[in-house]
Amino acid sequence: MTEDAKPARLLAGELWWKAGIVYQVYPRSFQDTNGDGVGDLKGVTARLDYLAWLGVDAVWLSPVCRSPMADYGYDVSDYCDIDPLFGTLADFDALVAEAHRRRLRVIMDFVPNHTSQDHPWFREARASRDNPKRDWYIWRDPGPDGGPPNNWISNFGGPAWTLDPASGQYYYHAFLREQPDLNWRNPQVRAAMMDVLRFWLDRGVDGFRVDVIWHLMKDEGLRDNPVNPDYVAGEPEINSLVQLHSADQPEVMQVIAEMRAVLEEYDARVLIGEIYLPLERLVAYYGVDLSGAHLPFNFQLIQTPWHAPALARLIEEYEAALPEGGWPNWVLGNHDQPRIAARVGDAQARVAAVLLLTLRGTPTLYYGDEIGLGRVPIPPERVRDPWEHNEPGRGRDPERTPMQWQPGPQAGFSTVEPWLPLDPQAQTRNVEVLRDEPGSILTLHRRLIALRREHPALSVGDYRPVSVDGDVLVYERRHADETIRVALNFGHGDCKVDADIAVAQPEGAREGWEVLLSSAGGRRGERPLGGHFALAGDEALVLIRRAAAAQG
Ligand code: GLC
Ligand code: CA
């Protein structure tokens with residue numbers, strides 16, 4: 001890979017999702033404007049100025065379509081309408097227009113694997129065995145013992161099949177029984193769903209995050225999944241079987257290519273796929289000749305132990321696994337995963353922010369992580385996530401709590417008690433308080449985002465590993481004649497980083513590193529002392545190579 005091969009390949013139209021930063025909004029929890037304790041579209045629109053101030057490029061909205069909310073919008077009953085809880089189609093159009101006015105793109109969540117049981121398609125399908133919509137879902141006769149047709153398990157625990165007593169057949173659901181899986185082998189289903197994409201693309205949506213995209217195709221024979229010999233009791237029940245036949249089937253690539261082809265009918269739209277698979281399978285979702293997802297979500301930072309050597313190995317393996325021309329991406333959290341601050345602690349959450357925003361690849365930032373939200377305690381009577389009821393301890397409510405905007409009642413999120421509790425520290429951990437603190441995690445995010453925008457090396461430059469030494473990981477990003485070096489301390493102890501310029505200098509030339517940013521705040525413009533920079537525990541430094549004044 002030559003130094004500027006990658007940037008040269010960037011097409012103007014794609015640049016927004018390659019060089020840009022995606023910000024995920026969980027609409028129920030961003031901003032309530034009508035006093036019902038639940039966030040809404042007008043609320044997102046009202047907060048666009050904040051997102052522009054923060055400096056992100058795109059907003060991904062978790063589902064806002066019509067839904068009975070059994071899985072909080074991931075159970076859609078009308079793909080072409082907005083749920084009244086969130087507002088109207090007119091509110092959505094206004095959001096898109098206002099976002100575009102601020103040069104912010106809008107990415108929708110598309111949930112094609114399953115519908116709600118209340119979707120008219122499923123109501124019809126369920127009406128009788130010979131209904132024309134019957135084959136839009138996955139129906140089978142009971143197994144020989146009268147039980148489910150195979151051993152597949154729901155991702156939320158329990159059987160993945162529910163008996164429909166009226167017809168005597170079972171239907172398949174990879175998630176809740178309220179979320180029947182569509183039959184993507186049926187061409188009518190495909191056509192109907194491609195029209196859904198066009199419906200939103202025509203309204204100006206800039207792309208989609210496709211929910212559980214690796215699940216769309218199942219083994220045609222619906223064979224039993226093998227037992228997982230490595231299963232450890234206490235893990236989610238879904239892990240007790242290897243998902244060999246229920247997901248990640250080769251035929252799914254064709255479906256994704258079809259979605260991609262629809263997007264190609266429009267200008268510069270992005271296709272992001274939710275994929276929880278090991279690296280070598282994940283990268284297959286770029287598709288043959290990059291005909292698949294532009295960005296198969298890379299969740300490896302969520303799953304890798306938070307240690308310098310493990311993270312260094314991950315980055316290298318990911319970079320090596322990418323297909324030619326495939327653009328990388330990185331994520332620290334989302335509405336399904338414990339928040340980064342809950343996983344690694346407040347101090348390391350700052351290091352994590354530097355990592356996310358200086359790695360090569362599109363970063364997706366989860367709302368609230370920029371103010372350092374952690375695991376918000378949820379009292380038993382306030383549990384909302386159905387998964388928590390099925391498998392206690394697995395619930396995702398602690399990472400879905402309201403955004404905290406200002407001191408005062410409900411932290412500015414609502415005028416009434418919100419649908420999920422606020423963080424007990426909401427009076428101090430909020431945007432209004434943190435935005436003026438030079439050392440706050442919010443200020444750190446904003447600076448990092450600005451830095452990424454200012455320095456193409458950080459957004460589109462090459463990645464080069466430099467060293468892993470104990471708890472400290474060092475890498476470089478390069479573009480044209482700009483070189484940026486990032487040093488991250490994943491430990492709590494103080495240490496030093498080498499400030500040598502590895503490249504031989506022509507006679508007389510003097511170059512050196514200079515601090516652009518420290519995760520701890522301050523230090524900007526600092527030069528090395530005795531060939532080193534001091535690096536405190538839990539600190540990360542971003543350095544730039546400058547044709548330099550005298551070295552210390
Ligand atoms: C995805 C969503 C998750 C949802 C599930 C079923 O993993 O991110 O929130 O429960 O799909 O749609
Ligand atoms: Ca509301």
Side-chain angles (χ1 to χ4, degrees), residues 24-47 60-65 67-77 79 82-88 91 95 107-117 119 153-157 160 172-182 208-216 236 238 243 246-247 272-277 296-297 299 302 331 333-338 364 366 384-391 394-400 402-403 410 412-420:
Q24 180 188 357
V25 164
Y26 195 66
R28 294 183 76 88
S29 293
F30 208 54
Q31 178 67 60
D32 175 25
T33 58
N34 65 344
D36 62 0
V38 179
D40 39 57
L41 290 180
K42 283 197 169 124
V44 179
T45 306
R47 295 299 184 180
W60 151 32
L61 299 173
S62 277
V64 291
C65 286
S67 164
M69 305 285 167
D71 188 19
Y72 297 102
Y74 286 96
D75 49 320
V76 176
S77 56
Y79 286 99
I82 297 294
D83 195 274
L85 188 65
F86 295 124
T88 62
D91 294 336
L95 193 169
I107 299 170
M108 272 193 108
D109 214 311
F110 178 50
V111 190
N113 179 67
H114 42 265
T115 69
S116 159
Q117 62 176 358
H119 196 292
I153 292 171
S154 157
N155 281 267
F156 292 143
Y172 174 66
H173 49 88
F175 294 89
L176 300 173
R177 68 177 61 216
E178 292 90 345
Q179 295 167 292
D181 277 44
L182 283 164
F208 300 94
R209 171 270 189 189
V210 185
D211 192 59
V212 295
I213 202 167
W214 85 109
H215 270 266
L216 295 181
I238 184 73
Q243 307 299 303
S246 48
I272 306 176
E274 185 204 19
I275 300 154
Y276 284 95
L277 287 175
F297 255 142
F299 297 125
I302 299 175
V331 183
N334 59 43
H335 62 293
D336 296 326
Q337 304 292 338
T364 299
Y366 186 47
R384 293 288 176 274
D385 185 7
W387 196 357
E388 182 67 17
H389 295 297
N390 288 358
E391 295 189 280
R394 300 280 157 212
R396 300 161 293 178
D397 295 327
E399 58 262 19
R400 296 177 174 181
M403 184 61 179
Q410 319 307 341
F413 167 72
S414 177
T415 50
V416 302
E417 182 74 29
W419 75 290
L420 280 176

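Remember, it's 1-based here, ligands and their atoms both numbered in the order they're listed.
Nearest to the Ca ion (ligand 2), among the N, O or S atoms that Asp36 has, is OD1. Nearest to the Ca ion (ligand 2), among the N, O or S atoms that Asp40 has, is OD2. Looking only at its N/O/S atoms, Asp32 has OD1 as the one nearest to the Ca ion (ligand 2).
The pair Arg396-Asp71 meets the salt-bridge criterion, with a side-chain N (NZ, NE, NH1 or NH2) lying under 4.0 Å from an Asp/Glu carboxylate O. Under a 4.0 Å N-O distance rule, the pair Asp336/Arg400 qualifies as a salt bridge.
In this structure, Arg384 fails the cation-pi test against Trp419, since its NZ or CZ atom is not both closer than 6.0 Å to the six-membered ring centre and inside 45 degrees of the ring normal.
Under the 30°/60° scheme for interplanar angles, the aromatic rings of Phe299 and Tyr276 are found to lie parallel. The aromatic rings of Trp387 and Phe156 are tilted relative to each other, their planes meeting at an angle between 30° and 60°.
Going from atom CG of Leu95 over to atom CG of Asp40 covers 10.5 Å, rounded to the nearest 0.5 Å.
Side-chain contact between Ile82 and Asp91: absent, with no pair of heavy atoms (C-beta onward) separated by less than 4.5 Å. A heavy-atom distance below 4.5 Å is not found between the side chains of Glu399 and Tyr26.
Using a cut-off of 3.0 Å, one finds that Asn34 contributes an N/O/S atom close to the Ca ion (ligand 2). Within the 3.0 Å limit, Val38 places at least one N, O or S atom next to the Ca ion (ligand 2).
In this structure, a donor-acceptor pair under 3.5 Å is present between the side chains of Tyr74 and Ser62.
Contact atoms of ligand 1 toward Arg400: 9 (O) (distance under 4.0 Å to a heavy atom of the residue). Within ligand 1, the atoms closer than 4.0 Å to a non-hydrogen atom of Phe156 are 10 (O), numbered from 1 in the order shown. Short contacts between ligand 1 and Arg396, defined as distances under 4.0 Å to a heavy atom of the residue, involve ligand atoms 3 (C), 4 (C), 9 (O), 10 (O). Those atoms of ligand 1 that come under 4.0 Å of a heavy atom in His114, given as number and element, are 6 (C), 12 (O).
Looking at Asp211, Asp75, Val212, it is Asp211 that brings a heavy atom closest to atom 2 (C) of ligand 1.
Shortest contact from atom 10 (O) of ligand 1 to any protein heavy atom: Asp71 OD2, 2.5 Å. The protein heavy-atom contact nearest to atom 7 (O) of ligand 1 is Glu274 OE2, 2.8 Å. At the shortest separation from atom 9 (O) of ligand 1 among protein heavy atoms lies Asp336 OD1, 2.7 Å.
Of the heavy atoms in Gln337, none comes closer than 4.0 Å to ligand 1.
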